[in-house]
Amino acid sequence: MKKPELLIIVCIFFSLVGIVLIYIAAINIEPTQLKISEISFDLVGRSVKTKGYISYKSSHPNGHIFLTLSYDGSNIQVPLFAGYVSALTENDFDLNDIQKGSEISVEGLVGEYRGQLQIVPRKPDDIKLLSG
Amino acid sequence: MFLETVLLVFLGVSIGILAGITPGIHINTMIPLLLSLSFLFPNPYYIAILIVSVSCTEMFIDYIPSIFIGAPDTDTALSVLPGHRLLFEGRGYEAIKLTVVGGLGALLFGLLTIAFISNIFSFLYEVSRPYMHYIIAIVVVFMVTSEKKSKKILSAVLIISLSGFFGFLTLNSSIMPQEDILFPVFTGMFGLSGLIISLSERSSIPKQGNDSKLKISKKEMIKSIVLASLAGIMVGFLPAVGISEAATMVQYLGGSGESRSFLITVSGINVANDAFSLISLYLVSNPRSGASVAIQKILTELTFFDTLFLIGVILFAAGIAAMLTLYLGKNIPKFLIKLNYRYLTLFVITFIVVLVFLLTGFFGLLVLFTSTAIGMLCVFLEIRRSHCMGILLIPTILFFAELNPFVVSALGI
């Protein structure tokens, strides 16, 4: 086998090993369960799970839904982007369940938008209705 | 405010020089550090001036390590081969001079162009958003087919697929904060991979000549600057499309493949894009660079006069940075030539690995290791390393196609 071909195989092998290891880590990382008041800017980029009551809901013409989740006097934004809303409906999630006053649990990545904290859910089962 | 602005620009330029000259350090690495110093500045505009000055200076200085040491970051990665070609001819300083000409020229021409198109930019931005995944997909197809030979096209598909999957996995999982991920990714793909390969190939920096005359016609120079300005704006317009893709497209469409015009183009796109990302923040509230994300955090709402003021800061910092780049570009090689290139490269590799570990931890090292292997694969397959940008292009296509939740679900991450 020529040297460049061997190097190509070695590089492909190491790339795949790295991707597999990262994949194994990604599927095994459990989100940290926190109260809304415990979610801080230090957690930006981390996966968390929290629960609260919907205190504000607005729908954007492009299909996005913006929620504010509140619990014990603390608030956090939960943006549901159009793609995510489509995924929810395709998974038989009734969007009418997401109403002001409903209690839900949300899992997702902590983000920051214009100085405010938000949790961005990524997959359909990241949002669960606890009580209507 | 005037005196404070001047002093802060000088401070920013000084920090930018240190960061630019240090291989592997990018403005996005510096921003968290600069933001952590906010408490020292009573006025939020002070920290904004500092960030803009550091960012602008790094755009110019970055070419010194990328040409003379061969440790580029993502924005200068594509310039390594043309820059090295001139370095081997003993014309490393001319290469630096060309990047300065490209940077300053595209900054001025780009600002003039933006002034004319700013009124229609918001409209174009809104109209194109529903079709953004198609536009980016066209860019990907262009990148792949520009390799021309079928074997290389297949290799490019392999790299884009591999880096695309790797990018989706890292950007959508919580193995480490998203804002930290791109540092080990780009350092590995465009920095460490080249350094490891050069370690086995080169033992010294070639002796440099004294002739610093630019061996490029005025017509070719102006054409490269104009194309770079337009491409810099395009990069600011299209998410995930980077400097490297834009430079490749411009070179292809402009019918120019010469090293000198290439260096002007890459540097021009880089600087024009830096200025445009700030203007994009004002026009459509969408920051398109690490520096403009930080500016948005600090100033929240950017007004017309804020934008004008910060453009003034960019022009002032660019002028000083350009002069200092020429000075350092002439004198640093005299010092580097005396060093053993292999030891210098080994030192830089060690420095980068330690820095990645300190800033991003164990998972950062794993990401660095994987992205280095993908970057080296490109070199051995003899295709452009810019195909590694699949790491951003594929996740962005999926995001705009609204497929992210389905893919995340399918992968179970």
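Chain A is the first sequence line, chain B the second, and so forth, proteins listed ahead of strands; every chain is numbered from 1. Nothing here was measured: the structure is a model prediction, and the numbers come from that model.
- Interface check for chain B: of the options A/Tyr113, A/Tyr84, A/Tyr23, A/Phe81, the most heavy-atom pairs under 4.5 Å are formed by A/Tyr23.
- Of the atoms belonging to B/Ile175, heavy atoms from both backbone and side chain fall under 4.5 Å from chain A.
- Smallest separation of non-hydrogen atoms from B/Met176 and A/Arg46: CA-NH1, 4.1 Å.
- No more than 12 heavy atoms of other residues, nucleotides or ligands shown are found within 6.0 angstrom of NZ on B/Lys151.
- For chain A, the nearby part of B/Leu158 is the side chain; its heavy atoms alone come within less than 4.5 Å.
- Atom CD1 of B/Ile413 and atom CG of A/Asn28 lie 12.5 Å apart (nearest 0.5 Å).
- Rounding to the nearest 0.5 angstrom, the gap separating the CZ atom in B/Phe165 from the CG atom in A/Leu16 is 10.0 Å.
- Side-chain contact between A/Ile22 and B/Phe166 is present, with heavy atoms from C-beta onward closer than 4.5 Å.
- By the 4.5 Å heavy-atom criterion applied to side chains, B/Ser409 and A/Pro124 are counted as neighbours.
- Of all heavy-atom pairs between A/Ala82 and B/Glu402, the closest is CB-OE2, 3.3 Å.
- With a 4.5 Å cut-off on non-hydrogen atoms, A/Leu109 touches chain B through its side chain but not through its backbone.
- Separating the CD atom in B/Glu382 from the CD1 atom in A/Ile8 is a distance of 8.0 Å, to the nearest 0.5 Å.
- For B/Phe123, the CZ atom sits in a loose shell: 12 or fewer heavy atoms of surrounding residues, nucleotides or ligands are nearer than 6.0 Å.
- Neither the backbone nor the side chain of B/Phe400 comes within less than 4.5 Å of any heavy atom in chain A.
- Residue A/Lys51 qualifies as open at atom NZ: its count of foreign heavy atoms under 6.0 Å is 12 or below.
- At least one side-chain heavy atom of B/Leu162 sits less than 4.5 Å from a side-chain heavy atom of A/Ile19.
- Residues A/Cys11 and B/Leu377 come closest through the heavy atom pair CB-CD1, 3.7 Å.
- In terms of non-hydrogen atom pairs under 4.5 Å with chain A, the most contact-rich of B/Val407, B/Val379, B/Leu366 is B/Leu366.
- Looking at B/Val367, both its backbone and its side chain come within 4.5 Å of chain A, counting heavy atoms on both sides.
- Under the 4.5 Å side-chain criterion, counting only non-hydrogen atoms from C-beta, A/Glu90 is in contact with B/Phe406.
- Between the side chain of A/Arg122 and the backbone N or O of B/Asn172, at least one donor-acceptor pair lies under 3.5 Å.
- Within 6.0 Å of CZ on A/Phe93 lie more than 12 heavy atoms contributed by other residues, nucleotides or ligands.
- Contact detail for B/Thr370 and A/Ser15: the closest heavy-atom pair is CG2-O, 3.5 Å.
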